[in-house]
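What follows is a single structure, written as structure tokens, with notes after it.
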Amino acid sequence: MDHFGGRALGFGGGGGCGAVRCRHCSASLPAMPGARVIQCAQCYGVTRVGGRGRRRHPNPVEPWRPAVPMPVAGGGFFPGSRGKKRAVLIGITYAGMRRRGSQLMRGPVNDVKCMRYLLCERFGFPNDCVLILTDEEKDPCRLATKENIRMAMNWLVQGCSSGDSLVFHFSGIGVQVPDDDGDEVDGYDEAICPMDSFSQGPILDDEINEAIVRPLVHGAKLHAVVDAEHSSTVLDLPFLCCLSSRSGGWQWEDHRPPTGAYKGSSGGQAMLFSGCSDGNNKHSLLPEASTVGAMTHSFIKAVECEPRATYGSLLTTMRSIMRDGGVTCNLQGPIGAPIRKVANFSGIQEPNLSCSEMFDIYRKPFVL
């Protein structure tokens, strides 16, 4: 399929409307019949199709059903192990989406390798309970397609119970889409792009919240690390902890939907570390080549340098690393080489922490 012939590929449901203008570069985009959102092949920006009226209903997320039966414990698609510590790590280079002559983004695949090493060696996650999806896998069930990512999220939280420690990590491209159901304070939905985003579309924050936040029961804990543009609220969590421009300290912001829709868990805890504010570029360009993503680098390095960290001290250390590499720490083993060769930190502003509930970040210890 030609992704760069000046065309845009549509996806989603709803009524078709012929041609529309890209909201970022004004290129004329053909909207496929039934498309709700299209992605521009010239600037990669995402544009909604159809009327601007907002739909107001309590649960805008349509239930997703896999094209194939979901695997159960011991099945052939994903790991059959159901340990108390489980992780889904996704890294996408978008090699098939890049224009001829552009640099290949190596960082995302290195990101997931570094995260797996950290989780298994530092926090005791069993190897067979860590699922990796990239666009370089030979096994089609391990490719980071939209369908596989959806099934992986389902596998991560399926049957979760008290005491479970779950990790979701995504390194790749994030985009913003104008909100059409009134549940976003800033008027935009955030989304992550699978490797087949041009043909299948991104995965919106509404769906991610429904998939891995809402099922969390009391005593279950989810930590997410998202290394992408427009990622601050990509889990649609109700509270955001960010740096105050006035006091210089960390403060909570209320991001509960204006509609009153519930975006929390079923009693569990969800925390998202993200490294880029939603308000940066309103369109998504493929990032510069780098060996490891800045968010992944700062998170791993801060965890290694702060063995008894609280969430507050972890955020402070991450901020120092993101700004000027102000923390010295020698990382050993397979994780060390790529971490020491980070090439590009441009576009990263501040680390953020989004949560399903507010708490004293300076006193609560960070534990996976």
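Across all their heavy atoms, L240 and S354 have their closest contact at CD1-OG, 3.1 Å.
A donor-acceptor contact shorter than 3.5 Å is absent between the side chain of R86 and the backbone of L166. Judged by distance alone, the side chain of R256 and the main-chain N or O of P238 form no donor-acceptor pair under 3.5 Å. Panel note: side chain D135, backbone A144; no donor-acceptor pair is recorded below 3.5 Å.
The shortest distance between side-chain heavy atoms of F168 and I90 falls below 4.5 Å. Contact annotation: the side chain of L222 approaches that of L235 to within less than 4.5 Å [non-hydrogen atoms, C-beta and beyond]. Looking only at side-chain heavy atoms (C-beta outward), F123 and V167 stay at 4.5 Å or farther from each other.
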Checklist entry - So M295 and M318, side-chain contact (heavy atoms from CB on, under 4.5 Å) or not? Walk me through it. => result CA-CA 8 Å; M295 180 61 206; M318 289 171 63; 3.0 Å; yes

Checklist entry - Going through the distances and angles, do I173 and I92 end up as a side-chain contact (heavy atoms from CB on, under 4.5 Å)? => result CA-CA 8 Å; I173 293 175; I92 309 177; over 6 Å; no

Next on the checklist: Using the rule given for side-chain contact (heavy atoms from CB on, under 4.5 Å), can you reason through I321 versus F299, listing the C-alpha separation, both sets of side-chain angles and the distance that settles it, and then say yes or no?
Outcome noted: CA-CA 9 Å; I321 294 169; F299 176 78; over 6 Å; no

Item to check | S313/F366 under side-chain contact (heavy atoms from CB on, under 4.5 Å): CA gap, chis, key distance, verdict | outcome: CA-CA 9 Å; S313 65; F366 169 77; over 6 Å; no

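Considering N209, D205, D206 in turn, D206 is the only one that fulfils the side-chain hydrogen bond (donor to acceptor under 3.5 Å, both in side chains) rule with K263.
Between H223 and Y311, the ring planes are parallel. Angles under 30° get that label, and only those over 60° would be called perpendicular.
For the residue pair S161 / K84, a side-chain donor-acceptor distance below 3.5 Å is found, with atom types taken as modelled.
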